[in-house]
Amino acid sequence: MRLLGIETSCDDTAAAVVVDGRTALSNVLASQDEFHREYGGIVPEIASRKHAETLNFVIRHALAAAGCSLRDLDGIAVTCGPGLPGSLVVGVAAAQALAWSLDLPVYAVNHLHGHLFANYLAPAGAEPVQPPQAPFVCLVVSGGHTDLIHVEAPDRHRVIGRTVDDAAGEAFDKVARLLGLGFPGGPAIDRLARQGNPHAFDFPRGLAGDGSFNFSFSGLKTAVRYFLDAHPEARVDRAADVAASFQAAVVDALCEKTIGAARRLGLRGIALAGGVAANAALRRELRDRAASYGIAVHMPALAYCTDNAAMIAAAAYYRGDRARVRPDDLRVDPNFAW
Ligand code: KG4
Ligand code: ZN
């Protein structure tokens with residue numbers, strides 16, 4: 001089953017062709033970073049306008065890279081939420097038009113399901129991945145979400161924890177801004193932290209040891225801000241140590257709660273998902289710490305961690321009839337819940 005995935009929930013315009021939810025024949029992405037950088041964050045009005053200008057080109061490119069045409073498709077999968085309403089509507093309108101004109105089934109996909117099902121993907125020509133075996137715990141860490149999910153079956157998800165304030169990616173972006181590292185901040189902190197000492201400063205681990213599976217990152221961000229206000233010179237001569245110590249606090253909190261949840265629920269597997277899952281320290285620490293409890297960690301290849309359309313097509317395949325809608329009924333749902 002060959003699905004065209006379309007993803008425009010935030011600031012990346014993406015399209016992909018995926019076979020049977022597992023093999024990405026193509027995965028094309030047009031980044032808008034250069035248009036938002038000067039504002040230090042995403043400007044929704046610019047995002048939706050750029051999606052409208054770029055999406056047709058990105059879809060054509062995804063089809064060409066997959067070596068197929070619109071006539072070879074078995075369905076259209078599109079992100080309906082959560083996300084920016086004006087951005088979502090561009091992808092949804094395109095999917096609706098394609099489904100109508102080609103008389104194809106259309107799948108309304110939750111962006112968060114997409115991140116989870118990124119764990120099932122491999123590019124064409126590579127070994128198919130061995131997907132995580134349910135039941136397992138999935139940590140979805142992105143710019144908008146930090147959710148801990150009990151995946152009872154591939155298609156049965158229960159939210160067991162979430163951030164009570166900022167998302168982990170949001171904290172990365174805000175601290176990067178404090179350090180003058182630009183946008184998006186996560187990859188910049190990831191790079192800079194490699195030259196720093198993660199034990200240089202002791203920043204707070206929000207909600208550590210509170211017995212819940214929830215997270216909090218706004219106190220950490222504020223602690224970094226107060227520290228930099230008190231030591232302005234650290235922005236220049238200790239930036240790598242600040243980045244590494246901040247990152248260590250985030251990674252520590254994420255690993256503690258995720259491994260704690262797996263152990264308390266008696267689960268042998270953990271999956272990682274979302275843009276922050278691309279973070280090198282998180283990938284290393286989670287794998288190492290979980291291994292000491294005999295828990296296996298599954299994580300998507302880097303290209304499938306940050307927003308992409310292959311994961312949307314994968315989620316549509318696994319959700320099947322539960323995601324299928326009539327083209328007329330396709331709607332944007334900016335607050336689409338798990
Ligand atoms: O999943 P995603 O691409 O978009 C959302 O659904 O939000 O996640 C974007 C977030 C941003 O906050 C970005 O700074 C963060 O993921 N991010 C990272 C890394 N790459 C992206 N954070 C830490 N380390 C990275 N390598
Ligand atoms: Zn995302």
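Just so you know, ligand 1 is whichever comes first in the structure, and atom 1 is the first atom listed for that ligand. Count residues from 1 along the sequence. Predicted, not measured: the structure shown is a model, and the values here were computed from it.
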> Would Ser216 and Asp165 count as having a side-chain donor-acceptor pair, cut-off 3.5 Å?
Replying inline: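 Yes - a donor-acceptor pair under 3.5 Å links their side chains.
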>> Salt bridge or not between Arg205 and Asp210? Use side-chain N to carboxylate O under 4.0 Å.
In response: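 So Arg205 does not pair with Asp210 through a salt bridge.
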>> Whether Glu53 and Arg49 form a salt bridge (side-chain N of Lys/Arg under 4.0 Å from carboxylate O of Asp/Glu) is what I want to check.
In response: no
Contact atoms of ligand 1, heavy-atom distance to [X] under 4.0 Å:
X	value
His115	1 (O), 6 (O)
His111	6 (O)
Gly144	7 (O)
Asp190	24 (N), 25 (C), 26 (N)
Gly169	12 (O)

> Are Phe246 and Phe172 near enough that their ring centres are under 6.0 Å apart?
Replying inline: yes
> Step by step, would you call Val106 with Gln96 a side-chain contact (heavy atoms from CB on, under 4.5 Å)?
Replying inline: CA-CA 8 Å; Val106 65; Gln96 205 163 35; over 6 Å; no
From [options] - option closest to [atom] by heavy atom:
atom	options	value
atom 12 (O) of ligand 1	Asp173, Leu29, Ile42	Asp173
atom 9 (C) of ligand 1	Gly143, Gly186, Gly274	Gly143
atom 20 (N) of ligand 1	Pro82, Gly185, Gly275	Gly275

> Is Thr306 in polar range of ligand 1, meaning some N or O pair under 3.5 Å apart?
Replying inline: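 Checking ligand 1 against Thr306, no N or O pair falls under 3.5 Å apart.
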> Is there any N or O on Pro184 that sits under 3.5 Å from an N or O of ligand 1?
Replying inline: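 No: no nitrogen or oxygen of Pro184 is under 3.5 Å from one in ligand 1.
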To check your reading of the model: name the closest protein heavy atom to [atom], its residue, and the distance in Å.
atom	value
atom 3 (O) of ligand 1	Asp307 N, 2.9 Å
atom 15 (C) of ligand 1	Val276 CG2, 4.0 Å
atom 24 (N) of ligand 1	Asn279 ND2, 3.1 Å

> So, is His145 placed with an N/O/S atom under 2.8 Å from the Zn ion (ligand 2), counting both backbone and side chain?
Replying inline: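 No N, O or S atom of His145 is closer than 2.8 Å to the Zn ion (ligand 2), so no.
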> Is the distance between the Zn ion (ligand 2) and the nearest N/O/S atom of Cys10 smaller than 2.8 Å?
Replying inline: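 It does not: Cys10 brings no N, O or S atom closer than 2.8 Å to the Zn ion (ligand 2).
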> If you look at His115, which of its N/O/S atoms is nearest to the Zn ion (ligand 2)?
Replying inline: NE2
> the Zn ion (ligand 2) is nearest to which N, O or S atom of Asp307?
Replying inline: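 Result for Asp307 and the Zn ion (ligand 2): OD1.
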>> So, taking the atom named CZ in Arg264 and the one named CZ in Phe213, what distance separates them when rounded to the nearest 0.5 Å?
In response: 3.5 Å
> Would Phe215 and Val250 show up in the same hydrophobic cluster when neighbours are defined by side-chain heavy atoms closer than 4.5 Å?
Replying inline: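 As far as the 4.5 Å side-chain criterion goes, Val250 and Phe215 are connected within one cluster.
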Is it true that [X] lies under 4.0 Å from ligand 1, counting heavy atoms only?
X	answer
Gln247	no
Pro187	yes
His145	no

Flag, side chain of [X] to backbone of [Y], donor-acceptor distance under 3.5 Å:
X	Y	result
Asp11	Ile42	no
Arg283	Ala277	yes
Ser245	Phe201	yes
His115	Met311	no
Asp74	Leu3	no

